[in-house]
Amino acid sequence: MEDGVCRGVIAVNMEDGSIHSFCPHKTVLATSVYSRAYFSCTSAHTWTGDGNAMLSCAGLPIQDVNFVQFHPTRYLRCRCLITEGSRGGGGYLLNGEGEQFMEDAAVFQMQSSIEEGIKNVDHVEGLMPDMKVTERSLLWNSDLIESLELQNLMANAAQTMHSAEARKESR
């Protein structure tokens with residue numbers, strides 16, 4: 001960033017750890033979501049919200065970050081997801097007590113749960129500067145890359161919670 005304008009990009013090749021710089025006349029960031037925040041999801045392993053995290057670090061605005069898709073239809077024991085289409089077609093899951101799963105759920109929709117979420121995410125985000133990494137793999141830089149991805153996920157989680165709190169009309 002120079003005078004509030006993106007002058008290019010420095011990128012890390014995740015395959016070999018090499019660093020590349022690009023200095024185009026115009027820069028467009030077309031990035032993916034951060035669904036890797038979920039333990040089990042259908043998205044790619046590399047979807048860690050890098051674009052939003054880059055914008056956040058640069059102090060640039062991000063819009064509608066509180067719209068994060070949650071997959072309640074996962075079966076953790078076999079690590080698979082049930083398609084959303086099954087629920088859209090009238091299907092539903094039952095919990096261990098035979099009750100309809102997630103029927104009345106409002107994840108972070110009530111003011112008190114949003115405030116609790118903000119408190120929790122801010123606490124965890126405050127621990128990030130204490131993170132220490134020692135690279136064990138000199139070939140792939142996997143520990144360093146995963147640390148960068150964790151920082152990106154943390155930035156996205158904080159932005160999502162604060163955005164949800166500010167967007168009162170969605171409740």
Side-chain angles (χ1 to χ4, degrees), residues 1-24 27-72 74-81 105 107-167:
M1 294 296 296
E2 184 179 282
D3 298 324
V5 176
C6 180
R7 300 292 183 192
V9 176
I10 297 174
V12 176
N13 181 336
M14 291 175 62
E15 188 172 343
D16 62 14
S18 59
I19 297 176
H20 304 272
S21 62
F22 303 91
C23 298
T27 304
V28 176
L29 292 177
T31 64
S32 60
V33 296
Y34 70 105
S35 50
R36 185 173 173 207
Y38 300 111
F39 180 71
S40 176
C41 68
T42 56
S43 301
H45 183 71
T46 56
W47 286 10
T48 56
D50 300 351
N52 284 352
M54 287 188 287
L55 292 171
S56 177
C57 288
L60 297 172
I62 302 170
Q63 185 173 348
D64 294 333
V65 293
N66 62 318
F67 293 114
V68 179
Q69 186 173 4
F70 171 63
H71 285 281
R74 67 179 179 178
Y75 185 63
L76 203 50
R77 288 185 187 154
C78 67
R79 297 190 69 176
C80 66
L81 292 172
V107 180
F108 292 122
Q109 288 298 310
M110 298 174 55
Q111 184 66 32
S112 61
S113 65
I114 292 175
E115 289 170 0
E116 179 183 352
I118 288 174
K119 179 181 160 190
N120 291 338
V121 79
D122 286 349
H123 171 73
V124 174
E125 187 176 35
L127 299 174
M128 293 300 291
D130 295 332
M131 180 175 61
K132 301 289 186 255
V133 179
T134 302
E135 179 59 56
R136 295 173 293 170
S137 169
L138 298 178
L139 179 61
W140 296 101
N141 297 317
S142 57
D143 292 333
L144 295 174
I145 293 294
E146 288 188 4
S147 298
L148 178 61
E149 291 172 346
L150 175 61
Q151 290 175 333
N152 292 344
L153 289 167
M154 190 69 245
N156 279 279
Q159 292 166 356
T160 300
M161 287 307 307
H162 287 276
S163 176
E165 199 283 325
R167 194 176 183 103

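Note: hydrogens, waters and symmetry copies are ignored here, and every other heavy atom, side chains too, is used.
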So, taking the atom named [atom1] in [X] and the one named [atom2] in [Y], what distance separates them when rounded to the nearest 0.5 Å?
{"X": "K119", "Y": "E115", "atom1": "NZ", "atom2": "CD", "value": "10.5 Å"}
{"X": "E146", "Y": "E149", "atom1": "CD", "atom2": "CD", "value": "6.0 Å"}
{"X": "D50", "Y": "L55", "atom1": "CG", "atom2": "CG", "value": "11.0 Å"}

Heavy atoms, side chains only, cut-off 4.5 Å: are [X] and [Y] in contact?
{"X": "H20", "Y": "I10", "answer": "no"}
{"X": "D122", "Y": "H162", "answer": "yes"}
{"X": "C23", "Y": "R7", "answer": "no"}

Whether over 12 other heavy atoms sit under 6.0 Å from L127 CG
yes
Does atom NE2 of H123 have more than 12 heavy-atom neighbours, drawn from other residues, nucleotides or ligands, at distances under 6.0 Å?
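No - once you tally the heavy atoms of other residues, nucleotides and ligands closer than 6.0 Å, there are 12 at most.
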Using modelled atom types only, decide if a donor and an acceptor are shared between the side chain of T160 and the backbone of N156 within a distance under 3.5 Å.
yes
Heavy-atom closest pair, residues [X] and [Y]:
{"X": "E125", "Y": "A155", "answer": "OE2-CA, 4.4 Å"}
{"X": "I114", "Y": "M161", "answer": "O-CE, 3.5 Å"}
{"X": "Q159", "Y": "S56", "answer": "NE2-CB, 2.6 Å"}
{"X": "N152", "Y": "A53", "answer": "OD1-CB, 3.2 Å"}

